[in-house]
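Worksheet: the structure to be examined is printed underneath.
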Number of protein chains: 2
Amino acid sequence: MCSAPIPRSRTGRPRSARADAAILEATRAALVELGWSKLTMGDVAGRAGVAKTTLYRRWASKNELVVDAVAVLFDELELPDRGSLTADIEGVVRQFAALLERPETKTALMAVIAESTRDEPLRERIRVSIVERQKRLVLEGRRRAQARGELPTTSGTAPGTDDLIFDVIAGAVVHRALVSAEPVDAEWVRRFTALLLGGLAAAAAQP
Amino acid sequence: MCSAPIPRSRTGRPRSARADAAILEATRAALVELGWSKLTMGDVAGRAGVAKTTLYRRWASKNELVVDAVAVLFDELELPDRGSLTADIEGVVRQFAALLERPETKTALMAVIAESTRDEPLRERIRVSIVERQKRLVLEGRRRAQARGELPTTSGTAPGTDDLIFDVIAGAVVHRALVSAEPVDAEWVRRFTALLLGGLAAAAAQP
DNA sequence: GCCTTTCGCTACGCCTCGTAGCGTAACGCC
DNA sequence: GGCGTTACGCTACGAGGCGTAGCGAAAGGC
């Protein structure tokens with residue numbers, strides 16, 4: 001999330017936090033207007049009102065800049081208690097779909113993932129800033145469902161189940177929205193959730 | 001799939017089919033070596049032994065070229081009858097995962113999908129050349145499972161079910177392999193298939 | 001008030017893009 | 001076999017982005 005992890009000198013002129021915010025905001029604006037492929041570092045610098053060199057002092061490449069600019073959007077995802085596991089899943093699926101509808105996430109997410117297949121540090125950055133960060137939703141949802149008695153306790157659950165569920169939910173929604181390019185409407189959400197819950201129930205029945 | 005659909009004049013020197021094949025092969029080789037972002041049209045032309053202008057006469061952009069170069073790889077997917085729906089699903093999931101392990105598909109697939117979010121014709125090209133084309137696997141698998149009595153007949157199945165299943169399978173595997181960047185090993189395949197089948201069984205029990 | 005670091009700015013070499021123009025090569029048709 | 005048509009290889013070009021270097025000025029810590 002932060003442009004320079006920690007090891008920054010204590011002396012000298014400090015980096016402008018204002019510039020950081022302006023750059024990330026400008027990056028998102030540029031993504032909306034231009035999309036990933038036509039976004040240029042010079043353009044972002046111009047929008048943010050900073051010099052291009054300032055930009056390169058903080059982010060080594062367009063990839064890392066965009067990851068940071070988009071990552072914060074995913075933190076908007078929430079999991080309010082809707083009373084049942086079904087409602088909780090449907091709610092988060094709808095939220096995630098809405099997030100993927102936004103042009104800046106739509107055009108950036110797949111692009112940085114594509115780049116990450118050839119760039120291990122970038123993949124790690126994505127994993128830490130976005131993927132692992134949002135698994136909290138699965139953990140919270142399961143914890144709540146267990147409290148309600150809708151799912152068996154953790155002791156009876158195989159390790160890696162949360163990862164599996166996360167891949168299924170996020171993967172299906174992304175594929176529906178960006179690859180199939182068809183709407184994630186109420187009907188689809190209902191049916192997908194029913195499918196997933198049916199699978200979870202079956203798994204709970206016979207470990 | 002074909003570079004120029006059909007409306008090509010009958011007179012004059014015909015386009016070299018040899019060049020077509022060489023270009024697509026060179027594109028795949030370049031994807032393996034350089035990845036998506038560093039692949040250039042000039043480089044592909046050089047590898048294929050053709051002039052850069054020849055390349056532009058057939059494909060308007062790098063995006064369309066790569067879609068055509070990669071699309072044929074997906075046709076390798078097969079669905080041999082493995083005796084049960086479980087085995088059929090596990091088999092195709094393994095095949096799909098193996099395909100996504102190949103560097104040329106790994107780096108290209110996400111990239112062209114990212115581009116397609118801002119390029120309607122490209123999205124359509126992907127849909128026709130790859131996505132819709134591979135739904136045949138779902139249709140065939142369901143048909144077979146119905147013949148075995150493992151699934152109810154089509155009449156009792158809601159429309160769009162095949163699309164849902166396709167999004168779940170393809171989405172989950174892609175997400176596991178490229179986003180989570182963890183191996184699609186035998187254990188994961190087994191558990192994912194069990195989850196999906198449990199969901200299908202539940203859906204069949206109560207329409 | 002000095003030292004250190006960042007800042008904005010300008011300029012640069014390098015590369016890729018996509019196109020234009022040329023002469024030549026390969027085919028269908030008569 | 002000749003003619004018309006189209007594709008081909010080649011060269012060259014302007015446009016534009018990349019990433020870096022070097023400068024003087026500004027903004028903090030001590």
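Below, chain A is the first sequence line, B the second, and so on; all start at residue 1. When reading the values below, keep in mind they use all heavy atoms of this one structure, side chains included, and skip hydrogens, waters and symmetry mates. Worth saying up front: this structure is predicted, and the values here are computed from it rather than measured.
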Rounded distance in Å - [atom1] ([X]) to [atom2] ([N]):
{"X": "B/Arg15", "N": "D/dT6", "atom1": "CZ", "atom2": "P", "result": "12 Å"}
{"X": "A/Leu55", "N": "C/dT6", "atom1": "CG", "atom2": "C1'", "result": "14 Å"}
{"X": "A/Asn63", "N": "D/dG19", "atom1": "CG", "atom2": "P", "result": "9 Å"}
{"X": "A/Tyr56", "N": "C/dG8", "atom1": "OH", "atom2": "C1'", "result": "16 Å"}
{"X": "B/Arg18", "N": "C/dA26", "atom1": "CZ", "atom2": "P", "result": "13 Å"}

Checklist line | Toward the 5' end of DNA chain C, by each residue's nearest nucleotide, B/Arg57 or B/Gly12 | finding: B/Arg57

Next item on the list: Would you check if A/Leu139 and A/Phe166 make a side-chain contact, meaning some heavy-atom pair closer than 4.5 Å?
Entry: no

Notebook entry, point to check: For D/dA26, does OP1 or OP2 lie under 4.0 Å from any side-chain N or O of A/Arg13?
Noted result: no

Checklist line | Phosphate OP1/OP2 of D/dG9: any B/Thr54 side-chain N/O under 4.0 Å | finding: yes

Notebook entry, point to check: Which residues, if any, of residues 29-53 of chain A bring a heavy atom under 4.0 Å of DNA chain C?
Noted result: A/Gly49, A/Val50, A/Ala51, A/Thr53

Next item on the list: Measure across B/Arg133 and B/Val128 and return the closest heavy-atom pair with its distance rounded to 0.1 Å.
Entry: CB-O, 3.9 Å

Salt-bridge test for [X] and [Y]: reply yes if a basic N is under 4.0 Å from a carboxylate O, no otherwise.
{"X": "A/Asp68", "Y": "A/Arg125", "result": "yes"}
{"X": "A/Arg148", "Y": "A/Asp81", "result": "yes"}
{"X": "B/Asp119", "Y": "B/Arg123", "result": "no"}

Margin query: Please tell me whether B/Glu115 and A/Ser37 have a donor and an acceptor in their side chains that are separated by less than 3.5 angstrom.
Written below: yes

